[in-house]
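Structure, as structure tokens:
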Amino acid sequence: MAIDLRSDTVTQPSHGMRDAIAHAPVGDDVYGDDPTVNSLESRVAAMFGMEAGVFTPTGSLANQLAIRTLVAPGEELLAESNSHIVRAELGAAAVFSGITTRTWHSVNGRLKASDVIDLARPDSGPYLVSTTAIAVENTHNFGGGTVQSIKEIAELRAKADVLGLALHLDGARIWNAHIASGVSFLEYGKYFDTISVCLSKGLGAPVGSVMISNKERVSKARVWRKRYGAGMRQVGILAAAGHYALDNNLERLAEDHRLAKKLAVAIAAIDSTLIDPSTVETNIVGLDLTSMSFSAAELAKRTREAGLWISSLGPHYARLVTHMDFDDGQCDEAIEILKIALVTK
Ligand SMILES: *Cc1c(COP(=O)(O)O)cnc(C)c1O
């Protein structure tokens, strides 16, 4: 069996989760009749101190529903230059919502409130684009699983309030941020107008995200979800997997973080230019191959032939993501495969 570290989305639903799916009470969710969906939406909202939530098939849709309730067509959303919203949602903000984006650059995706506020141009009058919202990603995926500082988030909120700007949190992996930082979900929830969370990443559900906010924005998002064709019927079978994931798979993320660190330490011992293990805070190990004689695609090809699947996300950037179907034994095997693949010229 190959060891698959391409993403934390590759996990198989466990027996317990499949059992929960099989026994979920369901109803027609387009009529608001699915008790399992309804309870999941209110559960996730309450965890973050929000009023309401809407279940979506993907995190991309949860992000898109959130930002379209915050930003009008022709207005501007600020986001980090390597953020999922900007790079991995195929221009959806522009295509569906007429939203323009401007980006700030950061090292490892790490948020600095002043970088963002320097860019912000609210109320720009009749000639220039007006900024209306800011998106923060936590943890930052392409930044290497970076946990954002709660101090910077609080500072961003305070400065955004002065400028009248809304804040969205792309919290696909907010679970990992919470486990790594100890910051509570309620604390994270205080600073944002809208939040998207994924149940299908480290938490191990097969499908599902939730967008949470106040009642008014969530009602609007519900209309747009249906308009986009994502009004689902007896979808409690998927929401049940989300409940199961929150009940059983949250605390164990610490294990993913431990194995990511173990990988990073072993890789740095092979070549210290590849990664600084102190930057690995959660379950993502991003390798910088700029000083190697081969590309990330070549590395991914080599390891794949030896039974280890990794992602090549740029010419010199490879990514390994730990998850619930990856254990210490596989970690040792992966390290052996990487040792050979990384020293071959
Ligand atoms: C995975 C991910 C999403 C959502 O992805 P989907 O594949 O659409 O569910 C959003 N933001 C970040 C940072 C992600 O890593």
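Atoms within each ligand, like the ligands themselves, are counted from 1 in listed order. In this chain, numbering begins with 1 at the start of the sequence shown. Atoms considered below: every heavy atom in the structure, side chains included; atoms not considered: hydrogens, waters and symmetry mates.
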* Asked: Distance only, no hydrogens: is a donor on one side chain within 3.5 Å (strictly under) of an acceptor on the other, for Ser83 and Glu137?
  -> no

Ligand-side contact atoms (ligand 1) for residue partner [X], heavy atom cut-off under 4.0 Å:
X      : result
Asn63  : 10 (C), 11 (N)
Glu137 : 13 (C)
Thr58  : 8 (O), 9 (O)

Polar contacts were defined as any N/O atom of the residue lying under 3.5 Å from an N/O atom of the ligand; does this apply to [X] and ligand 1?
X      : result
Ser209 : no
Arg173 : yes
Ser60  : yes
Gly59  : yes
Lys201 : yes

* Val54, Val37, Thr56, Val44 screened by side-chain contact (heavy atoms from CB on, under 4.5 Å) with Val210, the one that passes -> Val44

* Please determine if Glu281 and Arg110 form a salt bridge, counting it only when a charged side-chain N lies under 4.0 Å from a carboxylate O. =>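 Salt bridge present between Glu281 and Arg110.
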
* Asked: Between Asp247 and Arg43, does at least one N-O distance fall below 4.0 Å, as a salt bridge requires?
  -> yes

* What residue pairs, at least two apart or across chains, pass side-chain hydrogen bond (donor to acceptor under 3.5 Å, both in side chains) with a residue in residues 57-79? -> Asn63-Glu89, Asn63-His168, Asn63-Asp170, Asn63-Ser196, Gln64-Glu89, Arg68-Ser97, Arg68-Tyr228, Glu75-Thr132, Glu76-Arg102, Glu76-Thr131

* Applying the 4.5 Å side-chain criterion to the ILVMFWY set and letting contacts propagate, would Met211 and Leu238 be lumped into a single cluster? -> no

* Asked: So, Ser149 side chain and Lys151 main chain: donor-acceptor pair closer than 3.5 Å or not?
  ->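 Yes, Ser149 side chain to Lys151 backbone: donor-acceptor pair under 3.5 Å.
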
* Look at atom 10 (C) of ligand 1 and say which protein heavy atom is nearest, naming residue and atom and giving the distance to 0.1 Å. => His84 ND1, 3.4 Å

* His84: partners by ring pair (Phe, Tyr, Trp, His ring centres under 6.0 Å), with sequence neighbours left out ->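 Residues passing ring pair (Phe, Tyr, Trp, His ring centres under 6.0 Å) with His84: none at all.
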
Side chain, backbone, both or neither: [X] near ligand 1, heavy atoms under 4.0 Å:
X      : result
Leu61  : neither
His140 : neither
Ala172 : side chain
Asp170 : side chain

* Within 6.0 Å of CD in Gln12, more than 12 heavy atoms from elsewhere ->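 No - once you tally the heavy atoms of other residues, nucleotides and ligands closer than 6.0 Å, there are 12 at most.
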
